[in-house]
Colleague: 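This structure is in structure tokens; I'll ask about it shortly.
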Amino acid sequence: MLPKKHRLSLRGDFHAVFQGRIKARSGPFRIMCNENNLTYNRFGFVVSLVVSKKAVIRNKIRRRLYAIVQHIFPTLLSGYDCVVWAYPEATELGYQEIEGHMRQMFERIRMLKL
RNA sequence: UAUGUAUGCUGGACGGCUACCCCCGCCUUGGCGGGGGAGGAAAGUCCGGGCACCCUUCCCGACGAUGUUGGGACAGAAGAAGGUAACGGCUAACAGCCGUCGUCCGAUAUACAUCGGACCGAGACAGUGCCACAGAAACAAUACCGCCAAUCAUCAUGAAUGCUGAGUCUAAAGCUCAGCGUAGUGACAGAGGCAAGGGUGAAAAGAGUGGAGUAAAAGCCCACAGACGAUAUCGGCAACAAUAUCGUGCGGAAAACGCUUACCUGGUGCAAGUCCGCAAGGACGCUUGAUUCCAGCAGUAAUGCUGGAGCUAGAUAGAUAACCGUUGCCAACUUUGUUUGCCGAAGGCAAGUACAAAGUUGAGCAUCCGCCGAAGCCUCGUGCGUAGGCGGACCCUCCUUCGCUCUUCGAGCUUCGGAGGGUACUCAAUUUUGCAGCUAUGCUUCGCAUAGGCAAAAUUGGUACAGAACCCGGCUUAUAGGCAUACAAAAACU
RNA sequence: GCCGAAGUGGCGGAACUGGCAGACGCGCACGGUUCAGAGCCGUGUAUCCGUAAGGAUGUGAGGGUUCGAAUCCCUCCUUCGGCA
């Protein structure tokens, strides 16, 4: 879980990210980013009712995404707001596979530090 | 014994590592320390409440006065609309719960009765409607087949008495003949009487048995029995039940109705609403409550009362976790033993059901590819493929050989070639079970006990349903495994 | 969190005042027309059993009321829509 400071919460923040041009996709996940005027990153996750009708499964996917982002947080460049979507196929994946997809997406949008 | 149904309870544990939310304290403005952090259904949203605002009404005050505005209330008329429906109790309230009654079903039983289960369990002599097809008729009735011939009509016959005519002598009477025709008899079934029987249908006028009755019949009448309603008495708070009297010929459907009766509900819902802010948004409401646990008392019970102790999530794109390790539990399988039946001298054959126990730890391990392919499998193709066969790569051991290095009668490394092997498990400990023919020790002998000894085994899968969003009381639905109680009874054995 | 609507062959969609389920259209299959194709015309077309006649099941699932349920009632499932 990320601290509340690093989470996206306001409606306007999400809409600002939707205006961004930095996008990537890997497997059942999609990411969209935009620059903010802060010195740190903020993340938001979208796991809609289409993914699964059971709240337990949706919560587990979101918690895994939070845990992965928290794990690779120090290796990222700063100053971005990001939103990650999950799609129904994500319910079939294990933790290692989700982590692989996430790393691939961050690599494609060149947010990893060298 | 296994299984099913119903009800109630339970719903894994420990540790590592990296993090999140709330509260408290300290230093001090982001760190440290401490404490807490999902459920029986948090779900579905099917009901009921608390709570908040609005509407109406009432009360008080002010004013620009039959209205406006501010405050308060133990308030919610009628109608509409919606809901509930045996009776009593419980409750803040309910479509919930408890108890009782009634009807129906099942088991035991001759029966009474007992046990278990189900029930939207008021009203169809207030009204508007419905009962398809079939059938004569589907509810103030009607008559297809059928039954009857009392009454009317028709036809035939027709006593006594009678009427008319003729004759018998003119008349009358009487007598004879002819005609009419009454009662009666017979025929027919046109009018009519009947609804017992047949047939149709889910249901047929709703009255079952016996008698009387009739032309034939029928609750048309009588006796007995059934159902429903009213009244009285007895039991019960009541629904209801028992008995007696009186009355009623009595179809179904209220899960047809903007139908009746009785009772309940003013409306909207925390996205209610209050406050701050230009706005985005934020704070409050928001967790001390019809609260939890324990004990006692009252009550058949639901439940209530009293006393003591406790504070037990409060997120808001939504925390309570992610990833590992150990272990518990369950199932299958394997092994061992016990088990059951049959034959029998030892012993064997069959069943593989039920029960019990174990399935742990460490070390070593060089194999791989292609083609074919008994068994076996299916999509039935000359497909897949276990054992196995052939070929190749690679590895190990030995021998021969070309060289190199060094601490030089030897060792190591290496090139070419040849032979053999590459078996998928092995070893040790441990645990459990079994064995008792060998050894040691102890006990008084048979023998028993302990320690050694011998044999066997050391796999796989699962661990539910599901995530608070203002809070409670219910209902319904989901739920691996485990526990308890009641009921049912397949199969096997006795 | 709250409120509402729908579910019928392979598809769309009738039958909703209870009374023979699948009208009608599209699609599909077969046959005819044509030298051939399109188009047109005709027949058939839920599932199972049966040579056939015929029988059984079937309106999202389960239960109930009724002589009889796609229709009425109850509980679930799925899908869709609305409210800041």
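When reading the values below, keep in mind they use all heavy atoms of this one structure, side chains included, and skip hydrogens, waters and symmetry mates. A, B, ... follow the sequence lines: proteins, then strands. Residue 1 opens every chain. Note that the coordinates shown come from a computational prediction; the quantities given were computed from them, not determined experimentally.
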Colleague: For the pair Phe43(A) and Phe45(A), name the ring-plane relationship: parallel under 30°, tilted 30 to 60°, perpendicular over 60°.
Modeller: parallel
Colleague: Could you tell me whether the side chain of Asn41(A) and the main chain of Tyr80(A) form a donor-acceptor pair under 3.5 Å?
Modeller: yes
Colleague: Take Arg62(A) and Ile57(A), find for each the nucleotide of RNA chain B with the closest heavy atom, and name the residue whose nucleotide sits nearer the 5' end.
Modeller: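 The 5'-side residue here is Arg62(A).
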Colleague: Which parts of residues 64-72 of chain A get close to RNA chain B, meaning a heavy atom less than 4.0 angstrom away?
Modeller: Arg64(A), Tyr66(A), Ala67(A), Gln70(A)
Colleague: To the nearest Å, give me how far apart CD1 (Ile98(A)) and C1' (A322(B)) are.
Modeller: 11 Å
Colleague: Let me know the distance between NZ of Lys4(A) and C1' of A19(B), rounded to the nearest Å.
Modeller: 15 Å
Colleague: Let me know the distance between CE of Met102(A) and P of A322(B), rounded to the nearest Å.
Modeller: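 Spelled out: CE on Met102(A) to P on A322(B) is 17 Å.
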Colleague: Only pairs with both distances under 3.5 Å count, Watson-Crick or wobble alike; so what is the partner of A488(B) in this structure?
Modeller: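 For A488(B), the partner nucleotide comes out as U3(B), under the 3.5 Å rule.
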Colleague: Taking a pair as Watson-Crick or G-U wobble with both distances under 3.5 Å, which nucleotide is matched to C402(B)?
Modeller: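 Answer to the pairing question: none, since C402(B) forms no Watson-Crick or G-U pair.
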Colleague: Can you confirm whether more than 12 heavy atoms, excluding those of His6(A), are under 6.0 Å from its NE2 atom?
Modeller: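 Atom NE2 in His6(A) is packed in, count exceeds 12.
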Colleague: What are the atom names and distances for every N/O pair under 3.5 Å that joins the protein to nucleotides 461-466 of chain B?
Modeller:
| unit_1 | atom_1 | unit_2 | atom_2 | d |
| --- | --- | --- | --- | --- |
| A466(B) | OP1 | Lys54(A) | NZ | 3.2 |
| A466(B) | OP2 | Lys54(A) | NZ | 3.2 |

Colleague: To the nearest angstrom, how far is His6(A) atom NE2 from G318(B) atom P?
Modeller: 14 Å
Colleague: So what does Lys53(A) hit on the nucleic acid, given a heavy-atom distance under 4.0 Å: a base, only sugar-phosphate, or nothing?
Modeller: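 Sugar-phosphate contact only - Lys53(A) comes under 4.0 Å of backbone atoms but never of a base.
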Colleague: Polar atoms only, N or O, under 3.5 Å: list the protein pairs with nucleotides 279-284 of chain B and their distances.
Modeller:
none

Colleague: With respect to Glu99(A), which candidate in Met102(A), Arg103(A), His101(A) satisfies the side chain to side chain contact (heavy atoms under 4.5 Å, CB included) definition?
Modeller: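 It is Arg103(A), the one option of Met102(A), Arg103(A), His101(A) that forms the side chain to side chain contact (heavy atoms under 4.5 Å, CB included) with Glu99(A).
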Colleague: For G437(B), which nucleotide in any strand shown is its Watson-Crick or wobble partner with both distances under 3.5 Å?
Modeller: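 Partner of G437(B): none found under 3.5 Å.
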Colleague: Under a 3.5 Å limit for both distances, which nucleotide forms a Watson-Crick or G-U wobble pair with U326(B), could you say?
Modeller: A13(B)
Colleague: Could you tell me if Asp81(A) and Asn36(A) have a donor-acceptor pair between their side chains, going purely by distance under 3.5 Å?
Modeller: yes
Colleague: Between P on A322(B) and CD on Glu97(A), what's the gap in Å once rounded to a whole number?
Modeller: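 Taking atom P of A322(B) as the reference, CD of Glu97(A) is at 17 Å.
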Colleague: Whole-Å distance between A315(B) P and Asn59(A) CG?
Modeller: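 In whole Å, A315(B) P lies 17 Å from Asn59(A) CG.
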Colleague: Whole angstroms only, please: what is the NZ-P distance between Lys60(A) and A319(B)?
Modeller: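 My rounded result for the distance is 15 Å.
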Colleague: Starting from P on A319(B), measure out to CZ on Phe45(A) and report it in whole angstrom.
Modeller: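 My rounded result for the distance is 12 Å.
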Colleague: Going by purine N1 to pyrimidine N3 plus the second Watson-Crick contact, or the G-U wobble pair, all under 3.5 Å, which nucleotide sits opposite C27(B)?
Modeller: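 Here C27(B) is engaged in a pair, and the nucleotide opposite it is G30(B).
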